[in-house]
Amino acid sequence: MNAPTTEALAVLDRLGRARVLVVGDVMLDRFVYGTVDRISPEGPIGILRVRREMAVPGGAGNVVRNLAAWGVRATLVSVVGADAAGAELRQLLAREPALRVVMLRDRNRETTIKTRYIAGAQQLLR
């Protein structure tokens, strides 16, 4: 093994002992997957036939999930709205046993939702 590879492996090995605090914006990332079999007669727009949908934590939520996947003990502090998307995001993050989540609810804000519509490997709309 060359020196940079050995060094990188040593850093990755030490990650399991790290503790990281992430303070930032979380969002609900939705993915809507389907196929486009025809074009709309009203304009050059594909008509998406939805096959499945998926939601995952995005923004700072994605950052802490990635850290946890590397064995890092991560804590997330963020704010969501007191809405259905915020509740869904809290549930998704609660399923991550390696994370500590401090999620404040603010009645005066809406939880950010980013939805991507995908046909095959092509993102059609966001």
Side-chain angles (χ1 to χ4, degrees):
M1 251 186 251
N2 61 27
T5 303
T6 304
E7 229 175 274
L9 289 173
V11 169
L12 291 175
D13 187 50
R14 289 192 304 269
L15 279 178
R17 295 187 298 258
R19 291 182 181 193
V20 176
L21 173 65
V22 176
V23 179
D25 292 330
V26 294
M27 65 183 69
L28 187 60
D29 275 349
R30 289 194 190 282
F31 296 85
V32 179
Y33 296 95
T35 58
V36 173
D37 301 321
R38 65 188 184 97
I39 303 297
S40 171
E42 291 100 17
I45 300 166
I47 298 175
L48 184 68
R49 181 185 307 256
V50 176
R51 300 291 187 198
R52 68 182 173 98
E53 297 184 34
M54 179 178 82
V56 296
N62 186 46
V63 171
V64 295
R65 288 178 68 230
N66 288 335
L67 288 169
W70 283 99
V72 174
R73 289 173 287 179
T75 299
L76 170 66
V77 177
S78 192
V79 180
V80 294
D83 52 19
E88 184 176 358
L89 192 49
R90 287 191 310 275
Q91 287 175 346
L92 288 168
L93 288 165
R95 293 181 193 158
E96 302 285 341
L99 299 180
R100 180 165 181 258
V101 179
V102 179
M103 191 73 64
L104 306 174
R105 283 176 267 184
D106 183 347
R107 292 185 181 143
N108 297 315
R109 78 180 279 160
E110 290 182 30
T111 303
T112 302
I113 303 171
K114 181 171 31 173
T115 305
R116 295 173 182 91
Y117 296 88
I118 302 165
Q122 180 67 51
Q123 182 171 296
L124 305 174
L125 180 68
R126 187 175 101 181

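Along the sequence shown, the residues carry numbers beginning at 1.
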Atom pairs and distances, donor-acceptor, side-chain atoms in residues 40-50, under 3.5 Å, two or more places apart:
from: S40; atom 1: OG; to: E42; atom 2: N; distance (Å): 3.2
from: S40; atom 1: OG; to: E42; atom 2: OE1; distance (Å): 2.6
from: R49; atom 1: NE; to: D37; atom 2: OD2; distance (Å): 3.3

Check for me, please, whether V80 and M27 land in the same ILVMFWY cluster - side-chain distances under 4.5 Å, paths through other members count.
no
Would you say V22 ends up clustered with V101 if hydrophobic residues are merged whenever their side chains have heavy atoms under 4.5 Å apart, either directly or through other cluster members?
yes
Would you mind writing out the side-chain donor-acceptor pairs for residues 107-123 within the sub-3.5 Å range, not counting sequence neighbours?
from: T111; atom 1: OG1; to: G81; atom 2: N; distance (Å): 2.8
from: T111; atom 1: OG1; to: D83; atom 2: OD1; distance (Å): 2.7
from: T111; atom 1: OG1; to: G86; atom 2: N; distance (Å): 3.3

Exercise: identify the closest heavy-atom pair between V26 and M103:
CG2-SD, 4.0 Å
Cut-off 3.5 Å, no hydrogens considered: what does the side-chain donor-acceptor table look like for residues 54-75, sequence neighbours left out?
from: R65; atom 1: NE; to: E96; atom 2: OE2; distance (Å): 3.1
from: N66; atom 1: ND2; to: N62; atom 2: O; distance (Å): 3.3
from: R73; atom 1: NH2; to: R17; atom 2: O; distance (Å): 3.0

Not counting sequence neighbours, which residues clear salt bridge (charged side-chain N to carboxylate O under 4.0 Å, His left out) with R90? List them please.
none
In the hydrophobic clustering (ILVMFWY, side-chain contacts below 4.5 Å, transitive), which residues join V79, or is it alone?
L104
Residues clustered with V102, ILVMFWY side-chain links under 4.5 angstrom
L21, V23, V77
When clusters are formed by joining ILVMFWY residues with side-chain heavy atoms under 4.5 Å apart, either directly or through shared neighbours, do V20 and L76 land in the same one?
yes
Over-ring placement of R51 relative to Y33, 6.0 Å and 45° cut-offs
no
